[in-house]
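FYI, side chains are in, hydrogens and waters are out, and symmetry mates aren't considered; it's all heavy atoms of this structure. One is the number of the first residue; the rest follow in order along the sequence.
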Amino acid sequence: MPSTSYNVIPEIKTPVSYESTIKSGTHGGIHQKQLAQVLLLRMTRARMDFQLAYELTAADKFDNIGIHDKKAQQWIFIHYKHADGKQSKIDQNGLLPKMNREKGDFSLYKYFQSYMTIRSRFEGKIRLMLFTNKSLDGKLQNSTDCVTFENRDVDKCLQFSHEGATHKKLLPTEEAVQSIIKNANKDFYSLKQAIKDLFIDGIITKELIEYDLTKILEKSGNNKIRFKKTFNCSLNCIAQLHKDFKNINPVQCPPDLVIVEPDNQITNCPSVDSSDFKELKDGIRNLFEKGVVSKHLKQYKSLLNILFTTNPSGQLISRDNNDVICLAELYNMLSNELEDMKKVVKTKRKLFVGKTCRSRGLPLLAEASDVRNFFDQLTLAVRQPSDLCPFIIRELSSWMRIWLRPDVLGKLTEEQEHSVVKAFEVDFEAQLKIKTNNLRDYLDQHFLEKFYNKLRIKIEEFYPELKDARETYISRLVIVEADYNVENIKTDTASGNPEQLYHNKKDVKMTDKHFARILKRIFTHYQSLIMTADPGMGKTKFLQYVALEYQKLNVDTVFLLYLNRLQGYETHSKNNEGLGILQTSLSDKNIKLIRNILNMESNHCITMFFDGYDEVVKKNRNKIHNLFKKLLKSKNLHLIVSTRKIVKHILHEAFERDKITVKFTSLEPFSEQNSIEYLAKSWNCGMYVNHDFYFFSKYLVNQLNASFNVLGSVPLMIRIAAVTYKENFEKFRILRITDKESYLPRVFSDIDHIYESFITRALRAHVKDMYYGTDIQNLAILLTDGFIVDYQMLAIEFLDIDELNFVFKNPKYIEKGKTIFKQSLVRSDEFNLITIVDDKAYFSHHTYAEYFVATFLWDNFFDYYYVVERILKKCSTIRKFVMKMIENDLIVFQQMSVVQEQIVSENITIWACECNAINLLNFILSK
């Protein structure tokens, strides 16, 4: 057999860039970009591994949006047609126009040709979509003349909740199939006729100029043309084998078979009618089914190189050789219609003028199976939304639900949401303008990650409290207390894993994440939950975590509110329907949403997390109770309220009075493992979690427990210990101390004073932050006369202690606390005693405020001893702090008590002065 050559079209797999010619100012361009943006957001949120091209030149008419799904090894090509204010509909002539068949917006003739082009250029499965806001003509839907329609399911990322939006699969009649074939093959037959005329009459027609004929013809002297020697019946062998093995399943390439790029020279091709050809086919089949390389197969190495290649995984796969079929058919037709295929024809002018290749490749030859495959892959998406901006807002909001805490998300206004959309559009446009030699980078999840990170930073600038979200969090255990029917809730009491099925009235212990997952089922029985724990147990962090996890589930709208920020808000508006108290924590649109639910104008569901009921002062409790009562009038509103155990009965009684079904949960303290895990994360010692770390951290936790009974299991104390002893651990790790038994007791000798040490460090760090770069003189004076008193005044105001409000009238304290906001803008993140929210300073933990009130009482004990009794009886935490200060400074207190005339009054007898300080204080409190 004569030799032949074949040039393989380069395969497009997963390149990093693509050729693109973006047309500016085209009709529907804005909407097309919106569709691309929605798809980017949806696919990223679905964690797909994808590439998105905008105006992908290689996709011909389906160039608007091209998506490569790497996992599915699938390409989705979308052509967007937007009708702006036009009422025209898609009719039969629109799909299969009788005139100008390639000109219509929805002409299936031109889109089929694009399909043939795409199929020859892209590897993998192909799906096509015509996306439009137009609708189908009613007559066309009921007609059977050319096509019929079926509803088609599509991926969620391509679905839009819009009235009338639908996806259609088109089923062509036989007449329509033949009409498309005839139209698609007209170029092929025109080229065949042009070549025939060339060799019969020497005529060079326009078809010969337009196409690349280097695979068919070659020059043979001055103005002489002949068929290439490789344009022969060998093409039939290649074409037939390509058809037979095009869709064969890949196999690992055997080591004794080396596949290389084709050299385009085939010295032996069997005739398709020969037994040799049959044996060759059997050999290829055995290669793919059994991995056997026969001797007969090795004789056709050059042929195998043209038919097959290997992918990056070393698998043997079929090459894209679609155009060889057309070459073979063209050869067969010409050999039947020309008398001499070896003829040399002299032309009146040159055929190849300076170029070996024209702008168009050879036309492909379509068959009925190609048309039917085209309709199988095509989806007609009609009556789609004209404006996709609301869907972009929804997608960005859904994404923000994954990472943005509900206390901040609930504050975002509609204007802010639109500004996020605008920022996204700006980044999208900027990315499209980046090109090198008309090549653009694909858009993917990494582009979104860059935008997300930039947006996070921007949001944190407006909401500084989000910086606290970066604090270390350790998974917690929560107890759902008895009287809740936990049928269908699978939970292992030890680990919180969904293992064992519990029924009826039993306490159930579970992880925080699992608790978030079952909240929806709990709310089918109870409208409100009360979550209790002791001071410092991490109620706020727990609520922030659970609220975010619940928000991620996309079940309900979730709000997180802090009662210490709501209680002081006063409103005099008559039209706020009792919801004005929420205006500092929720945007107007969210308050409107609540109002619509209460007025039964919406069936939306909202879960509201309220943190810190124990921080509501007595005079504001009724205001908060009335808010709860109003919210719980709707079954679509659910509440979770956190509180210290000491006041949970007050909240419970309020709910019982209003006949509100309520369930109690409680937060478990840290286990020793939790405490050590927190220290490891806080000290960033993931790679240093070794014997030294465990020895140091375990000793620290044991010392906390020994000094404070159970404080080694209190998250707040573990955090304070982590900050306080971080430097000591670094020294311990670096110095590799051998005598650990004698070293560690010295390190923790002052652990009894850890709280005071932490507060002092925080204030010192604050001073250094404010006076960064300057020489600080008289640091002790700054602390004593400056920050400490500022914090004390802020704490009295924060806790709203009526008994001490008179101090603000004292000229000594009038200016104190007013500069605390500016001071708190510059701070060390490790010592964030103050959180700034909405231009107001809040203590980041309630006990910090209680500590500063205790220090104020201690510093002014003899000036204000007549109010100490009432304050200490009202607040057990302040009382504990004062008792601790007395223990730490017993000698000083006893020296003070010698001055009997200063304290002997009314109900205090002389003998009390001779008692120790603690008995003296207890005596005062007993009166």
Side-chain angles (χ1 to χ4, degrees), residues 393-394 396-420 459-460 462-466 468-469 519 523 527-529 540 543-544 546-548 550-552 554-613 615-616 620 623-642 835-840 842:
I393 294 174
R394 195 177 306 163
L396 285 169
S397 177
S398 295
W399 163 71
M400 286 192 287
R401 285 173 66 96
I402 297 173
W403 65 271
L404 188 57
R405 273 194 344 225
D407 51 324
V408 171
L409 189 59
K411 290 182 179 181
L412 295 187
T413 64
E414 289 183 88
E415 183 180 353
Q416 289 173 320
E417 288 181 345
H418 281 284
S419 69
V420 172
I459 290 178
E460 283 187 358
F462 286 100
Y463 298 99
E465 64 264 37
L466 282 177
D468 299 339
L519 274 178
F523 287 136
Q527 199 173 357
S528 182
L529 274 73
T540 299
L543 229 57
Q544 288 173 347
V546 172
L548 181 57
Y550 190 59
Q551 180 176 265
K552 290 178 186 178
N554 264 322
V555 179
D556 296 349
T557 295
V558 179
F559 298 141
L560 172 59
L561 306 103
Y562 303 95
L563 290 170
N564 61 5
R565 301 173 194 173
L566 294 181
Q567 64 174 334
Y569 182 77
E570 298 290 347
T571 178
H572 302 289
S573 173
K574 295 181 180 179
N575 299 319
N576 58 49
E577 300 177 1
L579 300 179
I581 192 174
L582 301 175
Q583 287 179 357
T584 56
S585 298
L586 295 177
S587 64
D588 289 342
K589 70 160 193 166
N590 285 325
I591 293 177
K592 182 180 178 181
L593 176 61
I594 296 173
R595 184 179 296 117
N596 289 341
I597 294 172
L598 291 173
N599 294 335
M600 293 186 291
E601 296 172 3
S602 171
N603 59 359
H604 200 81
C605 290
I606 298 178
T607 299
M608 304 181 73
F609 291 76
F610 288 94
D611 179 55
Y613 174 79
E615 298 179 27
V616 177
N620 290 326
K623 185 195 305 184
I624 299 302
H625 293 167
N626 289 335
L627 173 65
F628 291 164
K629 181 179 179 180
K630 180 167 188 64
L631 293 173
L632 292 172
K633 284 181 179 179
S634 170
K635 297 297 182 183
N636 287 358
L637 287 168
H638 306 115
L639 307 188
I640 299 179
V641 187
S642 74
T835 298
I836 305 297
V837 181
D838 297 331
D839 295 336
K840 190 172 180 181
Y842 295 89

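- With Phe610 as the fixed residue, the side chain to side chain contact (heavy atoms under 4.5 Å, CB included) test singles out one of Leu543, Ile624, Leu631: Leu631.
- With contacts defined as side-chain heavy-atom distances shorter than 4.5 Å, the pair Leu412/Phe462 does not qualify.
- To the nearest 0.5 Å, atom CG of residue Leu582 and atom OG of residue Ser587 are 11.0 Å apart.
- Looking only at side-chain heavy atoms (C-beta outward), Asn603 and Asn636 come within less than 4.5 Å of each other.
- Remark: Glu601 engages Asn596, Asn599 in a side chain to side chain contact (heavy atoms under 4.5 Å, CB included) (not counting sequence neighbours).
- Atoms CZ and CZ, on Arg405 and Phe609 in that order, are 13.0 Å from each other to the nearest 0.5 Å.
- No side-chain heavy atom of Val555 sits under 4.5 Å from any side-chain heavy atom of Thr607.
- Between Leu561 and Leu586 the shortest side-chain heavy-atom distance falls below 4.5 Å.
- More than 12 heavy-atom neighbours from other residues, nucleotides or ligands sit within 6.0 angstrom of NZ on Lys411.
- Between His625 and Tyr613, some side-chain heavy-atom pair lies under the 4.5 Å cut-off.
- Across all non-hydrogen atoms, the minimal contact from Asp611 to Ser642 is OD1-OG, 2.7 Å.
- The minimum heavy-atom distance between Lys630 and Leu598, with the atom names listed, is O-CD2, 3.4 Å.
- A distance of 8.5 Å separates CG in Leu404 from OH in Tyr463, rounded to the nearest 0.5 Å.
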Would Asn590 and Ile606 satisfy side chain to side chain contact (heavy atoms under 4.5 Å, CB included), going step by step from the backbone distance to the final call? CA-CA 10 Å; Asn590 285 325; Ile606 298 178; over 6 Å; no

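- With contacts defined as side-chain heavy-atom distances shorter than 4.5 Å, the pair Leu519/Val546 qualifies.
- Nearest heavy atom pair, residue Leu563 against residue Gly612, reads CB-O, 3.8 Å.
- The CD1 atom of Ile591 lies 9.0 Å from the CZ atom of Phe559; values are rounded to the nearest 0.5 Å.
- Using a 4.5 Å cut-off on side-chain heavy atoms (C-beta onward), Leu409 and Arg401 make contact.
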For side chain to side chain contact (heavy atoms under 4.5 Å, CB included), just list the numbers for Leu627 and Lys623, CA-CA rounded to whole Å, side-chain angles, deciding distance to a tenth of an Å, and then say yes or no. CA-CA 6 Å; Leu627 173 65; Lys623 185 195 305 184; over 6 Å; no

Step-by-step side chain to side chain contact (heavy atoms under 4.5 Å, CB included) determination, Trp399 to Val420: CA-CA 12 Å; Trp399 163 71; Val420 172; 5.7 Å; no

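- At distances below 3.5 Å, at least one donor-acceptor pair connects side-chain atoms of Ser398 with backbone N or O atoms of Arg394.
- Annotation: Lys589, atom NZ; neighbour count of heavy atoms from other residues, nucleotides and ligands within 6.0 Å is above 12.
- To the nearest 0.5 angstrom, Leu579 atom CG is 11.5 Å from Asp588 atom CG.
- For Ile597 against Ser634, the heavy-atom pair with the smallest separation is CG2-OG, 3.2 Å.
- Counting heavy atoms from C-beta on, the side chains of Ile581 and Asn626 never come closer than 4.5 Å.
- The CD atom of Glu615 sits 9.5 Å away from atom CZ of Arg565, with the distance rounded to the nearest 0.5 Å.
- Taking Tyr550 as the reference, nothing meets the ring pair (Phe, Tyr, Trp, His ring centres under 6.0 Å) condition, with sequence neighbours excluded.
- Residues meeting the side chain to side chain contact (heavy atoms under 4.5 Å, CB included) test with Ser528, sequence neighbours left out: Leu632, Leu639, Phe655, Ile660, Val662.
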